[in-house]
Amino acid sequence: MPNSPPRSTEEWITIQVAIALDAEEAPETVAKRLGVPLPQVKRIQQLMGPQSEGEVLQADSSRKQGGVRLQEGERALLIAQVAEGRSLKTVAETAGVNPNTLRLWCRKSGVEPLREVSQLSRREAEEIRELLESGELPQDVSHAYRLSTEAVEELREPLHRQLEPGVLACLLELMKEAPKASTTHFQQELLGLGMEASAEAIESYRRRLKRLGRL
């Protein structure tokens, strides 16, 4: 949620309506609860378009090419997506807006975008992966590290799943033979067999095997 109300009352109302509609609250209920005319709520719902299916507003391609600026209500919907934890980069790309422009709109509205994976240090990324792999709730991790929804989803995918089955099979045998060997040792062994794997993927697989009681 924003740290402070947007400067524009209309923008603030639009954000609140958009958030309520995105939570699948009926337009009539939203209008009554927020004191907003039902026609206005329905106009915002139309602007949201595919958001009812969890997608962000997509600007018309002709408007992108023509450089037409988004209306205030449309900007508010994009800001609301960022305020709810979506990746600023993803929202901007989907809407055809320059990320720096969307960042400026967010700042004017008191919304601080959450962090992307690219903004994390290697140590932080590894720490977060370990927490997620150990069963920590994604929302708790997101809150603790101020991560966007997309960043959490990306980090939830264990790196060892990117490895080929043959590489995983070899690693399993190597780790059973020398469970305390260094990551570098396993990388060298794999290279000798014409295979390769990143240190992060190897450690991810080692953690997985330990949790399964296979090491």
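Residue numbers run from 1 in the order of the sequence given.
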Taking atom [atom1] of [X] and atom [atom2] of [Y], what is their separation to the nearest 0.5 Å?
{"X": "Gln162", "Y": "Ser198", "atom1": "CD", "atom2": "OG", "answer": "7.0 Å"}
{"X": "Arg103", "Y": "Lys89", "atom1": "CZ", "atom2": "NZ", "answer": "11.0 Å"}
{"X": "Glu133", "Y": "Arg207", "atom1": "CD", "atom2": "CZ", "answer": "4.5 Å"}
{"X": "Leu147", "Y": "Glu154", "atom1": "CG", "atom2": "CD", "answer": "10.5 Å"}
{"X": "Leu77", "Y": "Glu74", "atom1": "CG", "atom2": "CD", "answer": "7.5 Å"}

Ignoring hydrogens and angles, tell me if any N or O in the side chain of [X] forms a donor-acceptor pair with the backbone of [Y] under 3.5 Å.
{"X": "Ser134", "Y": "Glu130", "value": "yes"}
{"X": "Arg129", "Y": "Pro158", "value": "no"}
{"X": "Ser87", "Y": "Glu150", "value": "no"}
{"X": "Gln81", "Y": "Val91", "value": "no"}
{"X": "Ser142", "Y": "Pro138", "value": "no"}
{"X": "Arg161", "Y": "Ala201", "value": "no"}
{"X": "Ser204", "Y": "Glu200", "value": "no"}

- Determine, for Arg156 against Glu153, whether the closest basic-nitrogen to carboxylate-oxygen distance falls under 4.0 angstrom.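 Here Arg156 pairs with Glu153 in a salt bridge, since their nearest N and O are under 4.0 Å apart.
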- Under 4.0 Å between a Lys/Arg side-chain N and an Asp/Glu carboxylate O for Arg122 and Glu126? no
- Note on the structure: Residues joined to Leu159 in its hydrophobic cluster, side chain to side chain under 4.5 Å directly or through other members, sorted by chain and number, are none
- Task: List for me each residue that meets side-chain contact (heavy atoms from CB on, under 4.5 Å) alongside Lys210, sequence neighbours excluded, and say none if there are none.
- Result: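 Residues passing side-chain contact (heavy atoms from CB on, under 4.5 Å) with Lys210: Arg206, Leu215.
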- Min side-chain heavy-atom separation Leu88-Ser148 under 4.5 Å: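 No, their side chains stay 4.5 Å or more apart.
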- Does some side-chain heavy atom of Trp105 sit less than 4.5 Å from a side-chain heavy atom of Val97? yes
Quiz: residues 168-195 side-chain donor-acceptor pairs under 3.5 angstrom, not counting sequence neighbours:
unit_1, atom_1, unit_2, atom_2, d
Ser182, OG, His185, N, 3.1
Thr183, OG1, Glu203, OE2, 2.4
Gln187, NE2, Ala197, O, 3.0

- Note on the structure: Smallest heavy-atom separation, Ile79 atom then Ser109 atom, equals CD1-OG, 3.4 Å
- Mind listing the closest non-hydrogen atom pair of Gln119 and Leu114 along with its distance? OE1-O, 4.1 Å
